[in-house]
Amino acid sequence: MQVAEVERGRAAIAGIAQRRPKALGVALDVRGRDGARLRSGDDPRGAQLEGLAIAVGLDGDRDDAVLLLERALLCDPALDLGGLLAPLWQGQPAPYLVFADAHRALGVLAARGVSAPTRFGCATAASTLLGEGADRRRDHRPIDRSVRELLGRELPDGLLTVSSTSVRLACEAEALLELLRAMTPMLRDRGLARVYSFECSLIPAVVAMEAVGIRVDAPRFERIASGWVRERAELDVDAEVEGVVERAARLDKLISTYRYWARDYVGQDQRMRCRLHPLAADSGRFSCSEPNLQQVPAEHTAPGLRACFVAAPEHKLIIADYAQIELRVAAHLAPCEAMRAVFRAGRDPHRATAANLAGKPEHEIDSHERKLAKAVNFGFLFGMGARRFAQYARDSYGLELDEREAAAAREAFFRTFPGIAAWHRRIGAMSRAGEREDITVVTAMGRRRTFLAGHFSFNTALNIPVQGTAAEGFKIAMLKLEPALAQIGGRGVLVVHDEYIAEVPAAQAERGREIVEQVMIAAMAELVDSVPIVVEAEIADHWG
DNA sequence: TAAGTGCCGGAC
DNA sequence: AAACGTCCGGCACTTA
């Protein structure tokens, strides 16, 4: 990463402009308590701002610059950011202005009462909320399209070139302001003003969670990783022993992905900090990167790894997740009275399907039958076919089915839950219409996903409203948990789709558990009120 | 040599 | 008629 003080930075901008840079990052030179430059893994609290720094260059450099900017915003509440950035974003000589992850900038800056740069946030939020879909490696396309639509012209070459995970924007300041002036009514017209405003209000909680990080037992993490490396070295893949090649492949995956996490991501305070992206995913779920803590292998894949994520001394973790949330949300949205009734009666949906499949009452269902039914419920909910189900049941549940049995299971599922069947038929009709017209599906909060004519996806159209509504309920919970936990000295440390992890003082553990459970239930119930919501929350010393 | 893309496998 | 989805990141390969 190239970092320079202001004057050098400006000179660098002028120089690099002639090379038509892909991006230009604005960062702040931030020093930790020990005076050393703050690195991405470090605790940003208590750090000092030494001066404005500018990072120029191509992709990777820019990411570092933005990371520093974000951390800086967390460090110094009194920071006059508007004043610092003004020469860059209003005046010359900066030919380009970049706000990577502008939506985050919006939330943070708005919370500080900085008005002008906050407008950058609209474009990012809009491109996701407008539901045009994004490829993580080509996510500038929706923005390009929005820009063309709103401005009625192309932007000059080189001004809109982005390629990274969260939606990022590189644009000429004048054109950007013009874009944003047009964007706000567009959000309003499409009924997105509320969800957009909600997403903005969520940002401080997201940023707080990133800043806090999660405590990691780094030596233990390293020992586990070393164990993989040793085991891999001892494997002889040429020996043609059953399963060795597969084991080697799994170990290679673990080693290449996780071996250096402890070294690269654990800060001096022994906490690991990721980046959370509330508006990067079409579904409305969070995505996570650098590192992707939502992808840490579970116990059955890498024993003991999650247990390296621990509570701070004198603290406990509260680990809470929604029980069968996708089934519940689907029962609500479809709507499916049969499935709603199962949940309302406190019955087990897997047992209900098993009963229909085996042709006997629910209380006679054994564990094997229930296991099959679980695969059936999760598999067929979003439109899986019988053939693929047979494979899925084998790979994920160790069940052997032929195609005829898989088809019978599928029929039993739809017989058990006729409302789900009707919902699938309705989306099937959309599929046919989608050949020649654009189709939009929406979530409970009005988040959109549009399929352009000829690009409809049956399965995605089933999935997005369900997954998205669950994500929105989860986000409401996250918003409310921030102040609720603070009252007992606790805080959220990680979110993993339908799982919330908090850290609270040990003496407050039971109180914290109750708070998390109650708030999560109430939040989801705001969007999903036709079935009860169940949260399983436990007190633990470590994750996993 | 860096960037772009397909495939795969980890999570939920 | 049939169709499980949402992500991120590593590796292998092509392209310019």
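A quick note: this is a predicted structure, and the numbers were derived from the prediction, not measured. The chains referred to below are lettered A, B, ... by the order of the sequence lines, with proteins before strands, and numbering in each begins at 1.
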Compare side-chain N and O positions of A:H497 against OP1 and OP2 of C:dG5 and report whether any pair is under 4.0 Å apart. no
Taking CD from A:E326 and C1' from B:dA11, how many angstroms apart are they, rounded to a whole number? 13 Å
Under 3.5 Å, is there an N or O donor on one side and an acceptor on the other linking the side chain of A:Q295 and the base of C:dC8? yes
Check this for me, if you would: do A:K480 and A:E526 make a salt bridge, where the nitrogen-to-carboxylate-oxygen distance has to be below 4.0 angstrom? yes
Answer yes or no: does atom CZ of A:R250 have more than 12 heavy-atom neighbours from other residues, nucleotides or ligands under 6.0 Å? no
A:T353 side chain to A:A373 backbone, donor-acceptor under 3.5 Å: no
Got a sec? Which of residues 401-412 of chain A come in under 4.0 Å of DNA chain B, heavy atoms? none
Do A:E499 side-chain atoms and A:D321 backbone N/O form a donor-acceptor pair below 3.5 Å? no
Which whole number of Å gives the distance between the P atom of C:dC4 and that of B:dC8? 16 Å
What's the closest nucleotide to the A:N292 side chain, out of B:dA11, C:dG9, C:dT6? C:dG9
Where along residues 376-384 of chain A does a heavy atom come under 4.0 Å from DNA chain C, residue by residue in number order? A:F382, A:G383, A:M384
For A:D321 and B:dA11, what is the distance between atoms CG and P respectively, to the nearest whole Å? 15 Å
Of the listed C:dA2, B:dC12, C:dC7, the closest approach to the A:S431 side chain comes from C:dA2
In whole angstrom, give the distance that lies between atom CD of A:E499 and atom P of C:dT6. 22 Å
Thinking salt bridges, do A:E517 and A:R513 make one under a 4.0 Å N-O criterion? yes
Could A:E503 and A:R271 be called an ion pair, given the rule that one side-chain N must be under 4.0 Å from one carboxylate O? yes
Rounded off to whole Å, could you give me the CZ-to-C1' distance for the A:F474 and B:dA11 pair? 14 Å
Does A:N463 put a side-chain nitrogen or oxygen below 4.0 Å from OP1 or OP2 of C:dT6? no
Is the base of C:dC4 touched by the side chain of A:R388 through a donor-acceptor pair closer than 3.5 angstrom? no
Please check if the side chain of A:R340 supplies one atom and the backbone of A:H332 the other of a donor-acceptor pair under 3.5 Å. yes
Rounded to the nearest Å, what distance is computed from the CZ atom of residue A:R247 to the P atom of nucleotide B:dG9? 15 Å
Whole-Å distance separating the CZ atom of A:F456 from the C1' atom of C:dG5: 13 Å
At under 4.0 Å between heavy atoms, what does A:Q294 touch on the DNA or RNA strands: base, sugar-phosphate, or nothing? sugar-phosphate
Using modelled atom types only, decide if a donor and an acceptor are shared between the side chain of A:N377 and the backbone of A:P349 within a distance under 3.5 Å. yes
Using a strict heavy-atom distance below 4.0 Å, which residues from residues 249-258 of chain A are in contact with DNA chain B? A:R250, A:K253
What is the separation between atom CZ on A:R387 and atom C1' on C:dA2, rounded to the nearest whole Å? 11 Å
Can you find a side-chain donor-acceptor pair between A:D438 and A:T450 that sits under 3.5 Å? no
Rounding to an integer number of Å, can you tell me how far A:D395 CG sits from B:dG10 P? 11 Å
What is the nucleic acid contact for A:V466, judged by heavy atoms within less than 4.0 Å: base, sugar-phosphate only, or nothing? nothing
Assign A:A302 to base, sugar-phosphate, or nothing according to its heavy-atom contacts below 4.0 angstrom with the strands shown. nothing
For A:R259 and A:L254, indicate whether the former's side chain and the latter's backbone hold a donor-acceptor pair under 3.5 Å. no
Under 4.0 Å between any heavy atoms, over every strand shown, what does A:R306 touch: base, sugar-phosphate, or nothing? Just pick one. sugar-phosphate
So for atom CZ, which belongs to A:R394, do other residues, nucleotides or ligands contribute more than 12 heavy atoms lying within a distance under 6.0 Å? yes
Within the 4.0 Å heavy-atom criterion, would you say A:S457 contacts the bases, only the backbone, or no part of the nucleic acid? nothing
Near-ring test A:F414/A:H424, centroid separation under 6.0 angstrom: yes
What I want to check is whether the side chains of A:E222 and A:W261 have a donor and an acceptor closer together than 3.5 Å. no
Quick check: on DNA chain C, is the nucleotide nearest A:A386 upstream (toward 5') of the one nearest A:T460, or the reverse? Name the residue that is more 5'. A:A386
Indicate, with a heavy-atom threshold strictly under 4.0 Å, whether A:H424 touches base, sugar-phosphate, or nothing. nothing
